[in-house]
There are 2 protein chains.
Amino acid sequence: MLWSVSSRSQEPASPVRRLLLDEAARVLAEEGPAALSARRLVKAVGASTMAVYTHFGSMPALVREVMREGVERFLGRVDAVAPGTDPVLELTELCRVYQEFARAEPDVYAVMFGGSTLAGFELTQGDRQMGVALLRHPRDAIRRCIASGRFRADADADLLVRQLFVQMHGLAQLAHAGYILGIYGPDDVLAGLLRDFAVAAGDDPERAARSVRSGLG
Amino acid sequence: MLWSVSSRSQEPASPVRRLLLDEAARVLAEEGPAALSARRLVKAVGASTMAVYTHFGSMPALVREVMREGVERFLGRVDAVAPGTDPVLELTELCRVYQEFARAEPDVYAVMFGGSTLAGFELTQGDRQMGVALLRHPRDAIRRCIASGRFRADADADLLVRQLFVQMHGLAQLAHAGYILGIYGPDDVLAGLLRDFAVAAGDDPERAARSVRSGLG
DNA sequence: CCGCAATCCATAACGGCGTTATATCCATAA
DNA sequence: TTATGGATATAACGCCGTTATGGATTGCGG
């Protein structure tokens, strides 16, 4: 085809791997999981189907790479939340960035947490470990809530962070599926969940409401 | 072909439609979404691929029928929970049967609530309305919690039932995806969620814990 | 009874999918 | 220079959902 053109290029050989990953992420974000296929990706980058297998081994393995990079973006957002003097506010902000990521990249999010099989991809135990790592930051925030006296001293941070995880995941998925209908939207439900979470953990209702409002505004 | 085997049969003509639906539900339950294909279904019932299109029009339409029957089974379980003197106990039992259904038919459940596309199937607004109808019973139970004084008088049943929905869905999906790891399992998280839900809504902590224990035991 | 329309269904095909066997480039090491 | 090994293009295999075609069966009005 274009041998002469490629030889003209002084750059290092085409990083086909990166091109495929970027195109996969783009298609997934812009057109959804149904549009993601090996043949389409290789056509977009001007390669043959073999490119997928030399660089990734299989389509599920390519999807796994896309997911791993999604996890890194997710971790980047979560770690950007700085601790402050109000741990309930910090917890609220963590949940806010969680929902923001799920809304920004709903299909990558769905792959990360098992909501989508996507071309036969299935989560490995290692994948799940990576997802669980996201809970460390919120768990520490809950511990600070306990240490600061906002939450009861006998509260169990490990159980509470799982409860919070369940709530964030359920909200993200139901909102994406269009199941949060009627007068209350996802943001209303999020505010209610966070306030009730803090109150049940022992926080003063008024103070909890103020921290949540501040963290979501 | 005058030796017509079909005339020997005294039964009404083969209800191919029913056979396909049952086989689809069976494959989905026993082997998961990846195993569900038109060609496999028609081979199992001894028909040709046309059977799918004469009776359903498309594979997504067949999946929709499977989902509708799943919703009916779900509604059957939910409606089997009888009101009693303890509305918090009733709410707990409703959540228990919710989790039981999600655990018994995880793939049908995933289709119902948008967690799985399954051969291009996508939820319509009518499908979602059907799913939302499942919330009527728990919403009434929450209203009884308020009326009986267990929950605060100014609690909002419509918001609370959405929060509860989010929690039940998140737990069902994460448990199915294998994301509830470590010392606490799905049942522990469920107990914590329900207790905290009631406490935040205004119930006495001890009383809430007793109702939840009673409803989950 | 005949003929006609409608319905169901089997066959075969189309295009797309993931995957793989094979052969060919081409850069680098010996 | 030759040899080696990785990346790639080509073509094929067996799936998939879907559809065009034509044959069989059924029910019904004449």
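In what follows, chains are A, B, ... by sequence order, proteins preceding strands, each numbered from 1.
Ionic pairing of R18(B) and E69(B) is present here: one or more N-O contacts between side-chain nitrogen and carboxylate oxygen are shorter than 4.0 angstrom. Ion pairing between a basic and an acidic side chain is recognised when a charged N comes within 4.0 Å of a carboxylate O; D188(B) and R162(A) show no such pairing.
Residue-environment remark: CZ (R136(B)) stays at or below the threshold of 12 foreign heavy atoms within 6.0 Å. Around CD of E122(A), the count of heavy atoms belonging to other residues, nucleotides or ligands within 6.0 Å does not exceed 12.
Ring geometry for F197(B) against F151(B) counts as perpendicular: the plane angle is over 60°, on a 0 to 90° scale with 30° as the lower cut. Using the six-membered ring where Trp is involved, F165(B) and F113(B) have ring planes that are perpendicular, over 60° apart on the 30 and 60° scheme. Aromatic ring orientation, F74(B) versus F101(B): parallel (interplanar angle below 30°, classes split at 30° and 60°).
Checked by atom type and distance alone, the side chain of S211(B) never pairs as donor or acceptor with a backbone atom of A208(B) at under 3.5 Å.
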Start with the C-alpha gap between R26(B) and E105(B), add the side-chain angles, then the distance that decides, and say whether salt bridge (Lys or Arg N to Asp or Glu O under 4.0 Å) holds. CA-CA 10 Å; R26(B) 195 191 64 80; E105(B) 309 194 37; over 6 Å; no
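Atom CG in L19(B) sits roughly 10 Å away from atom P in dC9(C) (whole-Å rounding). Taking atom NZ of K43(A) as the reference point, atom P of dA9(D) lies 14 Å away to the nearest angstrom. When the P atom of dT19(C) is taken as reference, atom CZ of F121(A) falls 13 Å away, rounded to whole Å.
For Y109(A) and H169(A), the ring centers sit closer than 6.0 Å to each other.
If you check residues 51-63 of chain B against DNA chain C, the residues with a heavy atom closer than 4.0 Å are T54(B), H55(B), listed by number.
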Anything under 3.5 Å between a protein N or O and an N or O of nucleotides 11-16 of chain C, put it in a table, one pair a line.
residue, atom, partner, partner atom, Å
dA13(C), N6, R39(B), NH2, 3.1

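Each end of the helix from dC1(C)-dG30(D) to dA30(C)-dT1(D) gets its own axis, taken as the rotation carrying the C1' atoms of four end pairs onto the next four within a five-pair window, and the two axes meet at 20° to the nearest 10 degrees.
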